[in-house]
Asker: 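What follows is a single structure, and I will ask about it in a moment.
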Amino acid sequence: MRADRIETATAPLRDDIRFLGGILGDTIRDHEGADVFDLIERTRVEAFKIRRSEVERSAVADMLRDVDITTAIPVIRAFSHFLLLANLAEDLQRDRRRAVHLAAGEPPQDSSLEATYGKLDAARPDGDTVAELLADALVSPVITAHPTETRRRTIFDVQSRITELMRRRQRYAEHEPQYAEIETDIRRQVLQLWRAALIRLARLRIQDEIEVGLRYYDLTLFDVIPRINDQVRAALRARWPEHELLSRPILRPGSWIGGDRDGNPNVTAEVVHRATHRAGAVALERHLKSLVELEKSLSQSARLVPITPELAALAAADFDDSPQRADEPYRRAIRAIRARLSSSARRALGEIPADGIDVPAQPYAGPEELLADLNTVDACMRASGDGLLADDQLAALRAAVETFGFHLQGLDMRQNSEMHEQVAAELFAWAGVHSDYASLDEAQRVELLAAELSTRRPLVGPNAKLSELATKELAVVRAARTALDDLGPDTVPNYIISMCTSVSDMLEAALLLKEAGILDPGDAQTPPSSPVGVVPLFETIEDLRHGAEILSAALEVPAYHRLVTARGMAQEVMLGYSDSNKDGGYLAANWALYRAELDLVDTARKTGIRLRLFHGRGGTVGRGGGRSYDAILAQPAGAVRGSLRLTEQGEVISTKYAESGTAYRNLEALVAGTLESTLLDVEGLGDAAEPAYEILDELAELARQAYARLVHETPGFVEYFRASTPVAEVADLNLGSRPASRKPTSSVSDLRAIPWVMAWSQSRVMLPGWYGTGTAFAQWIGDDPTRLATLADLYRRWPFFQTVMSNLAQVMAKADMDIAASYAGLVPDETLRHTVFGMICDEFTRTARMHAAITGTEELLADNAALAESIHNRFPYLEPLNQLQVELLRRRRAGDDSELVERGILLTMNGLATALRNSG
């Protein structure tokens, strides 16, 4: 019976895939010829036979081994396009499932806000506690420019149009004329898709990345974020009416695009100005457009409705001398608001956007003044009984202004600590304070920096003759100061220090903020101030272990403690998932992060700071990916406390935020997880917490040792990695403006985590998401069944351990050791090949066996039916892409450096990233 239900439920998905695949096949036959189409069909049939174990794995490889490159490229494009269309069909299927559940009146999903409210109602936490924990509540998804989005915007746009047409198609029967018209439109879009290039000819410029990041606001975020903010505020205040909860919107977005210069020399002062002021322009243009629409709709006549004195005063500004509007005070008031906002835009941006008014009006000092005027309009409407009208366009505009202000999003600044050290040394030398800062030990550096942070005197003046590096770094921070002046204190909220390993690393960043005039040290009468917070980023496992110690020591420096005190005792700390994983492997990194959070929470309790954690998560499990809601619930007690920031990177951004319904569900999951982690006991360990932590300490160390034996200690491992994966080709994929490495090197430690993860994904090893875990479990359990029972119990009770095991299973389900063997065949050293690949295969088998023993199921995806279904549908189409990638890599390494071979490799990388729905 269950199989029948599954068959019935998935029938629409299979129909959609067949329909779209048929149209794609027709398009290929018509435009590439019968021979190419026949090869594609034979390859597809053989790939499905492999899945059914009807032929040997080599069947597809043998068929494609000697294919001419001019034929190989359309074959690659065909399977890549099919997988892209399969993604589309799966998204439609998810929408159908949700609609069925809602129609049946079934309970909401665990990650929905309605489910969260039900849990809060059952637990009924004390109102005073809720108010204290949510005093500075913030959920901030931070969009980054990390180069992991493999789709061009052109492809993305065509896919969006096909999605909308497929939705319309569902509304009609086949005999209706609209059905045929829609099918024709879909065929037209599939042809457009086939005729468009899948990969870029040139690397994206950072200006392009800025614009790409901003487009999501018009697509979804302008509407969805304020709506969730209003709904959450109303729901919580209804439950605790005695408290004014969430005085600020809980969802406030951020960005790194144009502010993250760690390893990206393209980020300059001009780029920072562009990033902040383009974002400001988007916000102000949207507010002005909304005011125009509001002005059109608020036609109430003073002859028919009473007007408050406050609204009358607002309307009396007399920016509209039309006699037809003499008795329309709302329209005149809105026009006065438009005039002032137009002046604000001209002051901040140097020009008046579309829908502005060029009149000599007083600009608003900030969005608070604009909101006050809008509140005056709202109060008058409600006083006259027009609350129904006030709850429409006006309410949406008020929510947008409250959420986005004049700045739209907070742009974080980020730079590597090594750069700060060099600049600080130069500033001290130029000012005559110390000639050789680099020679000082840590205590001496802290003493010198603390002294400078206690005085308002700058170290250098505008005419200082500094190096190119110092000049550029100071110019960048000064550009941030200009943005703060023009657009408000929320424009640049944080300065993040990459590879932060000491207190001096934190104080050097504060010194730069002081030099730019952002940080004011204050004096005997005036406390220090800074709208920008200093945020240490702990990335490697070693740094994570010492993160709390570094933070505690920084807070013991009087100058820094005064600054934190002036900022309401708020301190943000960023945790890096990518480098810790590359450094120590999957389990060791995840536990190092958890332990770091425990230590930081303890430090916060002892020092009285309000800790906010910023999670640097990537799209893949190897870089901290996985379901966000589950990840939030897997945090230790006290780690969330109403505040959460996390990075949204690469292909994850378009997957999550390009469509309104999907954006709403992803954002509500972030808020739901944050509220539950803050207000409920979700860890579930009770008195068993410390023993559980000790077990994970042992497991993590065993996993780190197993990982190190392969990655750091096996002779020739780097050679194996470079030969058996397309890591060298990742840099050619033109994904973004950032280089693939922080510095020119062949070392794994200097390679960015994105190409590291992407290369293993392409070769279907997926090593960063599982390696070392199986050995750790097997060694810790040994022959003791009680130890296995202990881990099984932790899996049932502990969200952290559940998430670790679930994410591991997702990665292993996407891995394929048979395909990986083809990539291993690219390694010319036979001994090295057998050694390393043998270790990988043994660990994969061991990890799968231990996963089954602990979870009690042989099915890796027993808890994720949707992903299991996805893998079943699409993986036969990955086979040709992997085999062609191996073949073309073999040709290139044999000396064929032709443009077509390189293009073919890049196309396979694009197709596989699309199919796996993640890249780096």
Asker: Start with the C-alpha gap between Val75 and Leu39, add the side-chain angles, then the distance that decides, and say whether side-chain contact (heavy atoms from CB on, under 4.5 Å) holds.
Answerer: CA-CA 8 Å; Val75 173; Leu39 176 59; 3.8 Å; yes
Asker: Could you tell me the separation between the CG atom of Leu298 and the CD atom of Gln393, rounded to the nearest 0.5 Å?
Answerer: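 Separation between the atoms: 7.0 Å.
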Asker: Is the closest side-chain heavy-atom distance between Leu667 and Leu221 below 4.5 Å?
Answerer: yes
Asker: Can you tell me how far CG of Leu294 sits from CG of Leu397, rounded to the nearest 0.5 angstrom?
Answerer: 6.5 Å
Asker: Flag the pair Glu402 and Arg233 as a salt bridge only when some basic side-chain nitrogen lies within less than 4.0 angstrom of an acidic carboxylate oxygen.
Answerer: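 Here Glu402 pairs with Arg233 in a salt bridge, since their nearest N and O are under 4.0 Å apart.
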Asker: Compare all side-chain heavy atoms of Glu648 with those of Thr144 and state whether any distance is below 4.5 angstrom.
Answerer: no
Asker: Under the side-chain contact (heavy atoms from CB on, under 4.5 Å) rule, what do Ser628 and Lys656 come out as? Steps first, then yes or no, please.
Answerer: CA-CA 11 Å; Ser628 297; Lys656 288 185 174 182; 3.2 Å; yes
Asker: Check Asp818 with Arg57, please: is the shortest side-chain N to carboxylate O separation under 4.0 Å?
Answerer: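 Judged by the 4.0 Å cut-off on N to carboxylate O distance, Arg57 and Asp818 do form a salt bridge.
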Asker: State whether Glu183 and Arg169 are salt-bridged, where the test is any N-O pair (Lys NZ or Arg NE/NH1/NH2 against Asp/Glu carboxylate O) under 4.0 Å.
Answerer: no
Asker: Any side-chain heavy atom of Val212 sitting closer than 4.5 Å to one from Ile257?
Answerer: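 No, too far: nothing below the 4.5 Å cut-off.
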Asker: Could you tell me whether the side chains of Thr662 and Glu659 share a donor-acceptor contact shorter than 3.5 Å?
Answerer: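 Their side chains do contain a donor-acceptor pair, which is all the 3.5 Å distance test asks for.
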Asker: Do His287 and Val401 touch side chain to side chain, with heavy atoms closer than 4.5 Å?
Answerer: yes
Asker: Aromatic rings Phe79 and Tyr877: how do their planes relate, parallel, tilted or perpendicular, breaks at 30° and 60°?
Answerer: tilted
Asker: Show the nearest heavy-atom pair for residues Met812 and Ala848, with the distance to one decimal.
Answerer: CE-N, 3.6 Å
Asker: Is the positively charged end of Arg227 above the ring of Phe222, judged by distance under 6.0 angstrom from the centroid and angle within 45° of the axis?
Answerer: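 Not satisfied by the 6.0 Å and 45° rule.
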Asker: Considering only NZ, NE, NH1 and NH2 on the basic side and carboxylate oxygens on the acidic side, decide whether Asp26 and Arg187 come within less than 4.0 Å.
Answerer: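 Yes, Asp26 and Arg187 are salt-bridged.
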Asker: Just how far is it from atom CD1 of Ile23 to atom CD1 of Ile162, taken to the nearest 0.5 Å?
Answerer: 8.5 Å
Asker: Indicate the atoms forming the closest heavy-atom contact of Glu54 with Arg52, along with that distance.
Answerer: OE2-NE, 2.9 Å
Asker: With a 3.5 Å cut-off and no angle check, do the side chains of Thr803 and Asp630 form a donor-acceptor pair?
Answerer: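 Their side chains do not contain a donor-acceptor pair, so the 3.5 Å distance test is not met.
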Asker: Do the non-hydrogen side-chain atoms of Val55 and Val60 ever get within less than 4.5 Å of each other?
Answerer: no
Asker: Go through Leu20 and Ile186 one step at a time and tell me if the side-chain contact (heavy atoms from CB on, under 4.5 Å) criterion holds.
Answerer: CA-CA 9 Å; Leu20 291 168; Ile186 293 173; 4.1 Å; yes
Asker: Are Glu879 and Gln883 linked by a side-chain donor-acceptor pair shorter than 3.5 Å?
Answerer: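 Yes.
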Asker: Rounded to the nearest 0.5 Å, what's the gap from CG on Leu912 to OG on Ser761? Could you check?
Answerer: 9.5 Å
Asker: Can you confirm whether Ser80 sits close enough to Leu907 that some side-chain heavy atom of one is under 4.5 Å from a side-chain heavy atom of the other?
Answerer: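 Contact flag for Ser80/Leu907 side chains = no.
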Asker: What verdict does the side-chain contact (heavy atoms from CB on, under 4.5 Å) test give for Phe404 and Arg286, after you've listed the backbone C-alpha separation in whole Å, the side-chain angles of each residue and the deciding distance to 0.1 Å?
Answerer: CA-CA 10 Å; Phe404 303 115; Arg286 179 66 176 232; over 6 Å; no
Asker: In plain terms, say whether Glu164 and Arg161 are close enough for a salt bridge, that is, a side-chain N and a carboxylate O under 4.0 Å apart.
Answerer: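 No, no charged N to carboxylate O under 4.0 Å.
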Asker: Tell me whether Ser140 contacts the main-chain N or O of Arg252 through its side chain, where contact means a donor paired with an acceptor under 3.5 Å.
Answerer: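 Yes: the side chain of Ser140 pairs with the backbone of Arg252.
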Asker: Between Ser290 and Glu293, is a side-chain hydrogen bond (donor to acceptor under 3.5 Å, both in side chains) present by the stated rule, with each step listed?
Answerer: CA-CA 5 Å; Ser290 297; Glu293 296 302 315; over 6 Å; no
Asker: Between Asn229 and Val671, is any pair of side-chain heavy atoms under 4.5 Å apart?
Answerer: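 Result no, sub-4.5 Å side-chain heavy-atom pair not found.
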Asker: Is it the case that the side chain of Gln762 and the backbone of Met909 share a donor-acceptor pair, with hydrogens and angles ignored and the cut-off at 3.5 Å?
Answerer: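 Such a contact is found between Gln762 side chain and Met909 backbone.
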Asker: Check whether any side-chain N or O of Thr855 sits under 3.5 Å from a backbone N or O of His851 as a donor-acceptor pair, and report yes or no.
Answerer: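 The answer is yes, because a donor-acceptor pair under 3.5 Å joins these two groups.
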Asker: Measure the CE-CG distance between Met381 and Leu389 for me, rounded to the nearest 0.5 Å.
Answerer: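 The distance works out to 4.5 Å.
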Asker: Is it the case that atom CD in Gln178 sees more than 12 heavy atoms from other parts of the structure closer than 6.0 Å?
Answerer: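 Yes, the 6.0 Å shell around CD holds more than 12 heavy atoms from other groups.
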Asker: Is the number of heavy atoms from other residues, nucleotides or ligands within 6.0 Å of CD (Glu56) greater than 12?
Answerer: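 No - once you tally the heavy atoms of other residues, nucleotides and ligands closer than 6.0 Å, there are 12 at most.
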Asker: Can you tell if the side chain of Glu46 reaches within under 4.5 Å of the side chain of Met63, non-hydrogen atoms only?
Answerer: yes
Asker: For the pair Arg96 and Asp16, find out whether any cationic side-chain nitrogen is under 4.0 Å from an anionic carboxylate oxygen.
Answerer: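 Yes, charged N to carboxylate O under 4.0 Å.
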Asker: Between His31 and Trp194, is the ring centre distance below 6.0 Å?
Answerer: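 No - the distance between ring centres of His31 and Trp194 does not fall below the 6.0 Å cut-off.
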Asker: Distance check, rounded to the nearest 0.5 Å: Ile73 atom CD1 versus Leu900 atom CG?
Answerer: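 Result: 4.5 Å between the selected atoms.
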Asker: Does Glu859 have more than 12 heavy atoms from other residues, nucleotides or ligands lying within 6.0 Å of its CD?
Answerer: no
